[in-house]
Every structure is written in structure tokens, then in C-alpha cells.
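The block underneath contains the structure these notes are about, expressed in C-alpha cells.
Every chain is numbered from 1, with letters handed out A, B, ... down the list of sequences. Model, not experiment: these values are computed from the prediction. Note that these values count all heavy atoms, side chains included, but never hydrogens, waters or copies made by symmetry.
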Protein chains: 2
Amino acid sequence: MTATETQRGPVTAEPTHTTSVAASDLLTVPFAGAPIFTRSRALRPTSKVLPEHARSHNRALVLQTLYTAGGQSRADVARETGLTRVTVSDLVAELIAEGLVVELGPREGVRPGKPATIIDVDRAAFQILGLDLSGHEVFHGVVTALDGTILERVSLERAGATGEQAVELVESIVERLLGRATAPVLGIGVGSPGVVDPLGVVRSAPNLGWFDLPLQARLAARTELPVHVANDANVAVLAEHGATPLDDLLLIKIGHGVGAGLIVGGRPVIGGGFAAGEIGHVVVGTDGGPRCACGKDGCLEAWLAVPRLTEQLDSLAGEPAAVQAARDEILREAGRRLGIVLAPVVGALNLTEVVLSGPAELLDGPFHDATVDTLRQRTMAVLNRDLRLRMSEQAEDVVLRGAAVMVLSGQLGVS
Amino acid sequence: MTATETQRGPVTAEPTHTTSVAASDLLTVPFAGAPIFTRSRALRPTSKVLPEHARSHNRALVLQTLYTAGGQSRADVARETGLTRVTVSDLVAELIAEGLVVELGPREGVRPGKPATIIDVDRAAFQILGLDLSGHEVFHGVVTALDGTILERVSLERAGATGEQAVELVESIVERLLGRATAPVLGIGVGSPGVVDPLGVVRSAPNLGWFDLPLQARLAARTELPVHVANDANVAVLAEHGATPLDDLLLIKIGHGVGAGLIVGGRPVIGGGFAAGEIGHVVVGTDGGPRCACGKDGCLEAWLAVPRLTEQLDSLAGEPAAVQAARDEILREAGRRLGIVLAPVVGALNLTEVVLSGPAELLDGPFHDATVDTLRQRTMAVLNRDLRLRMSEQAEDVVLRGAAVMVLSGQLGVS
DNA sequence: GTTTGTTCGTAATGTTTACTAACAAACGTG
DNA sequence: CACGTTTGTTAGTAAACATTACGAACAAAC
């Protein structure tokens, strides 16, 4: 872990905040003259907070404000964040010194008062590497700008590589991407299949023959850059969260396998065994189903993984209209199955937004509609009136973009 | 909202922290000489943090430390929290001034050095009111000490009261509890059926005829005390979380209806429509099932609400051994149904601990075993090796104790 | 009995942080 | 041109925690 050697000061968890709704749920009582401390419904503080942590938080807040609505003045930022102009100026000076923020000159247009100096995140100051290892045939990598714009692409055929060979493939992609980067690299984000723990150790990715592989540490040692590794679906949901910053979001990623990424209360869900989202081998319904590679009957993956769907569709023949009808029914049935599995999750978490990621030609028609219908039929109507199920807007690049978001969030506290 | 008028200073959300595992997932990079801010995987800072917020947090940390492992010296607390002895002394002085902490004299036993002064949370300094409105026949209320010990009980027959009448019943319980309290009351916690928003407005509780009822505000206005209202199952899970402080916890509350309370990543799940845990009307399986009051077939509640189970069991007659066998099969079938619904939730969240709350005579035998078996059969074996399903240890008092925890957590940041 | 080393709690001081107050600069308006 | 407005900065203040230092109290060893 070379990268960790370079850390400054004690490494402590950073504070986060609850939503504004929860925040308003606060009462203070001057009981018996004793002002009693009040806080939101967050449980058990677990570590101390120093002034410098507070500053870090406020710094990230300023950066976030500029990131989401760039091209503002310091005074604008002050109004939006609630910090004073003085404090904002101070934080911005620090950000400018680090090259993350730039002054863009005076504001256009005519207004009374001293003209404002527009500042913005320098989206060209740093670049990010994003890797997607979830492809069965190909590993993808990109160089992005700070705003997630994809600048360069590198894809390498996996050619069945597993174990150490697959790691070397990853390292090779990283090397090539680094070669193509035209600005300092902020960090490397990797979306890997399988179970990945918070330290970036791939606990288990059978397809790649990886078990307890310290991928994060290896890449960090080799590049001396910050590296973040997480499960591909968990990474993908970050990309969608970046687009629609809701508090709760479920992304279903359908490809060679089926996985999910989940954000609850504005925070990614990891899972007790770091395997949150691994729903591919949950059994669907009570009427059997296709035999799965894992040995069980009726696993979600056995129902609707892409190979299974295409196989079914390819076997169709005959009258075009009849083929079309059969095709629709196959997809509808798969969509229903997804709805059956999701219903308890949507109900238990009271989710409002579910995103589908995968081949649009398979998912964006009868499949999608059947999933929605099934979800509505199987959950409480009143509660899920405003449930939305939509296709991912990022198409093939969800994981890549999510990997960039992961780095952005991890390094700068911004997304 | 009389209570809110008395609040001191700006009310802002308090910082919380991620787990120690996630905290270690931090890297800092002195890239190009620029120390880049680093934080955990929490997204989007939403509000500023002032020094006083940091102090509040640390104050709660000290209190929490004393609460969970009381009878320590200031130096002990300093070591455990990472704060210095000086800071701890300062915070403790504040807590002592407010009556929350007391000195208990010098430590027993022989050790070198100056003998420590033992301090502890004064568990008798304040009391808490807890209310459970989830009973179909009876509303329960208790007075508890700060540690959750139940000191007094008040129960009133509901006698079918709904709407305003039911509210008056609640107010009556509160009045009586206040009369029996023998110490200043820290606050009032209420577990209500139905959908409750974070401001304590009961959005919808059909059984009680409550719709958009601002219960929290009404009780706060009447008592001038801090009041916290939440869904009964969501409250109940707090009680269990108090007992086993895991990061993820699911509680299934089976009574007249079926509901769930969920803690993910150490924080209670609210849900986009404030209806998290409302799984009673999720359809189970794909083979129909009993007709539910809501009109659907095979709702979870139709399968395993207590009235439905007892009705089935009561109808049994004949040979004792045969009755016993039939009884076991009925319970097993119900348990299986619960397992079917929970499997996707357990899988998606990678839960390690699920708690059953309800009549032990129904749930603690074949029902429990069938649920576990079904869960294991329907989820990925490897991932859920260490899944535990256990009965609640709090029996009838889960909601009441949880209500107390809610107040404790909301007012003092402790649980 | 004395010395030594340890531990506890407190004082005093310094650093960091963000706030308030005040102000100069730059601009439109009457 | 005087005046009000807005911006960004400077100066000073208050809060919070760390560091350093110290007296008090005790155990253990001599």
C-alpha cells in the first residue's frame, strides 16, 4: 500500500449529513435550565470530530456547490452554502491554490454594485481514470475530465484471461490510460465483478478467478495514485446518482450476470458481507424455473441474464408476426420475474426510483413494462404511486462513469 | 409547535460517521504538491459544519462512551474516544452541569498512580415516556429511566376509538405517565401504526382513522416536551439496534398486521414516501394465496398476520398428535412465506441479522425454522452463511423500548 | 521512611476555524 | 456628482481542541 504511506496526518472518517427533511426533525429543550444537546436521527457517534474535519467538510461543500452550479461568484457560494463571504473566500483561495478552482474574470451583464468575479471548478485541471471489468469479453477503460466527460478510451480483449493474467490486463489498461492523460490524474476508479470489500480487495470474483485479490493496493502501489475499487453494479449506481441526486436509488444491472447497486438515505449500501446487490442468485417465485449454474432452480440470473434471453430469442423461428409475439412474451415474462424479485425490496425500502441498466433492445420495451406492472401489482398501490422505473441514461458507460464519480466523491467529496 | 420556539441557535443536522472499516478506506494524495481533500464514501455534503457542531458531536461521543460502558474515569473516556483528557474533562464538566453525568467517587482496587474519579451517566436524572399505539385493542405507555428500564406502565383500552377520540386517548396516556414520572422528562417517543413522516405527522394510519395528523406537534404543544413519532416497526428496530449495534438490521413485526423496521449502514431507513418497512401488502410467491383485505391475493399479511394464523390454528380439531402436526405445518408454511418475501431483501442488502418480533408461541418454533431454511435456500449460500434470524429479546415491549431509544438518540445522540 | 515511577485531573497557552464588523472598490441610479 | 448596492478583503473576536506543564495521589522497590 504505497499510497497510504503518503497520507497526511491521522486518517479519520469524515462527517456527513442527513437530508434536509430529517434535519428539520429537530427539537431542543431548555429543560430545567439545562440546554440539552440535540441531533438528528443518526445513531451512535463513533469517532471524534476535530475543527480541521469541519473545515474539510465545508471545503467539500464549497466545491460541491461550484461543481453542481458552476460559474458563480464567491458571494453566490456564500449565500447558497450559508457560510459567510469571508469563509468562502478563504476556502476558495485554498482551492485555487490547489488548482481545483479558477477565476474566470468579471461577471457579464449589468448589475449594481461591484462586479463579481466568477469562479468555477477547473474541469480540465485533473483527469480521472475509470475502469469497467464487468465485461465478459472486454475490459474497458477511460480517461475523463473532472465533470465526467470521456476523453479517451482504451479497451482490451479479455480473451479468457483469469487470475494473475487478468490483473496484468488491468494494469496494462491503466498504463495506457495514464499515457493518454493530458492532465494530472486525480485517481483511479475500478468497477469489478464479484464481491469487493471497502479496502478494495476483491473477495471473490469467480469469473475472473479472483479470490482475496488486493486490487486496490496493487494498483495503488504501481501508480502511486489513489485507487478505489468496488463492485460493478455498486459503481454503476453512483453514475445514476450523479445524474439524479435522490436519496434512494436502486440500479439493476443486467448483463452476463445480474447485479444491483443500491443507494439508501443518500449513501451507498455495502452490506454486512460486502455483498450488497448480489441478487443474481435469489430464487424468483414459487413455481420453479430454469436451472441455474449455481444448482438452484429459478434464480433471477437464470431467468433474465442476457445470454439466457438472447438464447431464447435466437431459437425463435417462423412467421415474423408470430416471432415478434413470442419475442415480446419472452421479454415480458423476464420482466415479470424481475418485478417479482424487486417487489419486496421496493416495498421494504419504499423506493421511488429504480433504474435498469443493460441492452436497451432487450430491456426497453415489453421487459420494462412488465416489470413496472408487476411491481405495481405486487406492492401496496398507495405507497408506490410515484415509483419510477427507467432505463439508465448512460448506456454502455454506466460503470465507467460511476468509477469516475467514485473517485470524485472519494477524493474531493463531490459528485 | 411550541417546543420549536424554544430552540437555541440554528438547527442543523449533525455529522455522523461511517464504520471503522469504511473509514480505513481513505487515501490522501499530495499530488503536485497540492494536498487534496479526502473523505469516506459519503456523497454530497449538504450543509455547513460549524465548530459548535463538532463540539456537539464530541459531547455526544463522550456521553455515548459513558452510556455503553459506564463507570469509567475521564482518562478512560479520553483513551477510548481519542480526545485528550483535557477536552474530555471540559465536556464532562458541561455534562455534569446539565445533570446528565455524575461523579461516583474514587475507583476501587489497587493500581499505581493517582486514583481515578469514576463518572457515569446519571441514569436517574431524567426519564423518558414511551408509547406504543400499534396494539389493536390497547394503547400502551411507559415511563423509563435513561437506560431504558421500565419504571411505570399505563395501558388504556382502545375500545375501537379512532380519529380525534384516539388522539385524546394518547394524550390521556401521556398525562398519566407525566403524573407518574419521578424525574424531569427528557422527551416522549411514540410508535404509531401507519405511515409517519420525519416531522411526526401520521400521514396515514387507516386502522386509527388518522390521516395527516400532526401528532408530534400536538403532543409537543400540549406538553412542551420534545416529541418523536415514528412508525411502530421502525421504532421497534431501534430497540433491537440498541441491543445489538450492528450496521444492518431488519426487524419483522408480526401482529395484527405485518411491518418491518430497517437499519442500513447504521442508520434507520425512512423511505422516499416515508413508508419504508410497509411490506404487509407485498405479494408472496407466484401461486396465489389467501385473499387480503386490500383486495390482492397472497399478500404477506394475508399469509401470516397473527389473526390469520390463530384463526387457522383454532380451527384445528381431532387427534392431539394430528393437531400438533397440522399446527406445525401451518406455521411452517407461514414461515416459508416470510422467507420467500425476505429473500430478495436479504440478498439485495446482504443483511446479516434479521429479528422476528411477535407472539413467541407462534413464531419461535417451526415458523422460525422454516423462515431460515427458506431464506438459505433462496439466497446465495456463500454470501448468507452468517445470516442470523432470531427472536426479539424484548418480547411485548419492543416498541416501548424503541420509543425510549428514539428519544435518547434524538435528544442526546446516544443509544 | 524514602525514592521512583505512574496515573489522574487541571491550568495555561497556542492553533485552527469561522464569525462579525468595517471598508475600499466598482458599479448603476437619480 | 452624491448615493445606494454589491463584492471581496482586512482586522478582530469567539469557540474548540491540542499541547505542554504541573500538583496530587498512589504503588512498588529499596
Salt bridge (charged side-chain N to carboxylate O under 4.0 Å, His left out) against A/D120, all qualifying residues, sequence neighbours excluded: A/R123
Tell me every residue that passes side-chain hydrogen bond (donor to acceptor under 3.5 Å, both in side chains) with A/T244, counting only those two or more places apart in sequence or in another chain. A/R390
In this structure, which one of A/V414, A/V407, A/L186 forms a side-chain contact (heavy atoms from CB on, under 4.5 Å) with A/L146? A/L186
Got a sec, which residues hit side-chain hydrogen bond (donor to acceptor under 3.5 Å, both in side chains) with A/T149, two or more places apart in sequence or on another chain? A/D147
Under the side-chain hydrogen bond (donor to acceptor under 3.5 Å, both in side chains) rule, collect the residues that match up with B/T65, sequence neighbours excluded. none
Give, ordered by number, those residues of residues 116-123 of chain B having at least one heavy-atom distance below 4.0 Å to an atom of DNA chain D; if nothing qualifies, reply none. none
Across all chains, not counting sequence neighbours, the side chain to side chain contact (heavy atoms under 4.5 Å, CB included) partners of B/V235 are B/A230, B/V399, B/A403, B/M406
Which pairs pass salt bridge (charged side-chain N to carboxylate O under 4.0 Å, His left out) with one or both residues in residues 63-78 of chain B, sequence neighbours excluded? B/R74-B/E103, B/D76-B/R79, B/D76-B/R107
Please list, chain by chain and in numerical order, all residues satisfying side chain to side chain contact (heavy atoms under 4.5 Å, CB included) with B/A124, sequence neighbours excluded. B/D122
Protein-nucleotides 22-26 of chain D N/O pairs closer than 3.5 Å?
unit_1 : atom_1 : unit_2 : atom_2 : d
D/dA25 : N3     : B/K114 : N      : 3.1
D/dC26 : O2     : B/G113 : N      : 3.2

So, does B/S89 get its side chain near the phosphate of C/dG9, meaning an N or O under 4.0 Å from OP1 or OP2? no
Mind checking what makes side-chain hydrogen bond (donor to acceptor under 3.5 Å, both in side chains) contact with A/T68, not counting sequence neighbours? none
For B/E80, the salt bridge (charged side-chain N to carboxylate O under 4.0 Å, His left out) test, sequence neighbours excluded, returns none
Indicate for each nucleotide in nucleotides 10-18 of chain D, in 5' to 3' sequence, whether protein heavy atoms under 4.0 Å reach the base (B), only the sugar-phosphate (S), or nothing (-). BB----SSS
Only pairs with both distances under 3.5 Å count, Watson-Crick or wobble alike; so what is the partner of C/dG9 in this structure? D/dC22
